[in-house]
Visitor: 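Below is a structure I'd like to ask you about.
Numbers here simply count residues along the sequence, with the first being 1.
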Amino acid sequence: MAQPRSSGSQPLDESGPAELGEGVLWDSVDRRLYWLDILGSTVFWRDEAGTVHSITLPHMPGMIAPYQPGRVLLATDFGFEVLDTATGESTTVAAVESDLTARRMNDGGIDPTGRVLAGTMSRTEDAGQGVLYRLDAERAVHPVLTALTIPNGIVWPTSDRVFYIDTPTRRIDEFEYHPETPFGRRVRSIDVSDFAGSPDGMTLDAEGNLWVAFWGGSAVRCFSPTGDLLETLRLPVRQPTSCAFGGHDLRTLYITSAYTGLGERRGELDGTVLTVADLATGVPATAWSG
């Protein structure tokens, strides 16, 4: 088993703390780093010059994805929306559970064909209340996985396979994937219950390895596609939430974190975005095809 090591992480310049940082994303077209503060209903981005911008939204965002230059797709507690970062205006694409005020959207991703998948959850994290939805290019929404609790990381190593995390299960499930239908059979599960913390957001590197943020575990861990632990990065934050490779060469790992619920235990860097250089090379994020 790989020995854990200090990540050598650094906080992102000019990045203030987020109560519930999430959804970190590198947009290779705009060359921007995006991330969210879910509880603060805010979208942040850092431009090529290193300046951090932000827009506070009328709805709580749980996921962000590339769309068009200067425009991003959001999954919010109203549904799917497009945000124009130049004007701050958001446009509804499709309402999802907008009448269920006790629920909200959480994490998601874009499949290799450009379809969006994002899950809903109970605001009080009630078991089995969440649904994973797919948004097609035609803007139709379909449920593809049900009985979730805290829907989180999702990545596609190939066009016919998907890895998915429902955090309280403390495992990473691999499913057959068919873009036009609900998930296929579960192929395998990577049990991570022996590790400190709970699996949250994740990303892929170019070798197909999974980099997973562990909420409450002060770490990002790297697993092979078959579940072997390859790397443990110790972090100076208690609640890492998501991670993504970015930068011009896709060799910087960006990690969001949260300070919510920490109270007096909150440290100086909790809630900030951390950076770790030269761990691996990532893969470009896919844009929504809508």
Visitor: Is there a donor-acceptor pair closer than 3.5 Å between any side-chain N or O of Ser257 and the backbone N or O of Pro240?
Guide: no

Visitor: Would you tell me whether Thr256 and Thr241 have side-chain atoms, one donor and one acceptor, within less than 3.5 Å of each other?
Guide: yes

Visitor: Do side-chain atoms of Thr167 reach the backbone of Pro199 as a donor and acceptor pair under 3.5 angstrom?
Guide: yes

Visitor: Are Pro225 and Asn209 side-chain neighbours, meaning at least one heavy-atom pair lies under 4.5 Å?
Guide: yes

Visitor: Do Trp35 and Leu25 make a side-chain contact, defined as non-hydrogen atoms from C-beta onward lying under 4.5 Å apart?
Guide: no

Visitor: Side chains of residues 281-290: which donor-acceptor pairs under 3.5 Å do they make with residues two or more places apart or in other chains?
Guide:
residue: Thr281; atom: OG1; partner: Arg251; partner atom: NH1; Å: 2.9
residue: Ser289; atom: OG; partner: Gly114; partner atom: O; Å: 3.2

Visitor: For Pro151, does its backbone N or O pair with a side-chain atom of Asp107 as donor and acceptor, under 3.5 Å?
Guide: no

Visitor: Does the pair Thr120 and Leu148 meet the rule for a side chain to side chain contact (heavy atoms under 4.5 Å, CB included), with working shown?
Guide: CA-CA 8 Å; Thr120 60; Leu148 304 172; over 6 Å; no

Visitor: Return the set of residues passing side chain to side chain contact (heavy atoms under 4.5 Å, CB included) with Leu100 (not counting sequence neighbours), or none when no residue passes.
Guide: Glu97, Arg103

Visitor: Is the backbone of Gly267 close enough, under 3.5 Å, to the side chain of Asp270 for a donor and an acceptor to pair up by distance?
Guide: yes

Visitor: What's the verdict on side chain to side chain donor-acceptor pair (under 3.5 Å) for Asp173 and Ser189, showing C-alpha distance, side-chain angles and the deciding distance?
Guide: CA-CA 4 Å; Asp173 291 325; Ser189 292; 2.5 Å; yes

Visitor: Do any N or O atoms from the side chain of Asp30 and from the backbone of Pro69 form a donor-acceptor pair under 3.5 angstrom?
Guide: no

Visitor: If you apply the rule salt bridge (Lys or Arg N to Asp or Glu O under 4.0 Å), what do you find for Asp47 with Arg32, and how did you get there?
Guide: CA-CA 5 Å; Asp47 63 24; Arg32 291 178 175 179; over 6 Å; no

Visitor: With a cut-off of 6.0 Å (strictly less than), are more than 12 heavy atoms of other residues, nucleotides or ligands near CD of Gln68?
Guide: yes

Visitor: Kindly say whether Ala258 contributes a backbone atom to a donor-acceptor pair with the side chain of Gln239 at under 3.5 angstrom?
Guide: yes

Visitor: For Ile150, does its backbone N or O pair with a side-chain atom of Asp166 as donor and acceptor, under 3.5 Å?
Guide: yes

Visitor: Give the C-alpha distance, both sets of side-chain angles, the deciding distance and a yes or no for side chain to side chain donor-acceptor pair (under 3.5 Å) between Thr76 and Glu81.
Guide: CA-CA 7 Å; Thr76 73; Glu81 305 179 46; 2.6 Å; yes

Visitor: For the rings on Phe245 and Trp211, is their centre-to-centre separation under 6.0 Å?
Guide: yes

Visitor: Looking at residues at least two apart in the chain, or sitting in another chain, which of them share a side chain to side chain contact (heavy atoms under 4.5 Å, CB included) with Asp191?
Guide: Ser193

Visitor: Under 6.0 Å from the six-membered ring centre of Tyr259 and within 45° of its axis: does the NZ or CZ of Arg266 meet both?
Guide: yes

Visitor: Is the Phe223-Phe195 ring centre distance short of 6.0 angstrom?
Guide: yes

Visitor: Do the side chain of Thr203 and the main chain of Ala244 share a donor and acceptor less than 3.5 angstrom apart?
Guide: no

Visitor: Salt bridge between Arg161 and Glu174, side-chain N to carboxylate O under 4.0 Å?
Guide: yes

Visitor: Examine distances only and state if a side-chain atom of Asp27 and a backbone atom of Arg31 form a donor-acceptor pair shorter than 3.5 Å.
Guide: no

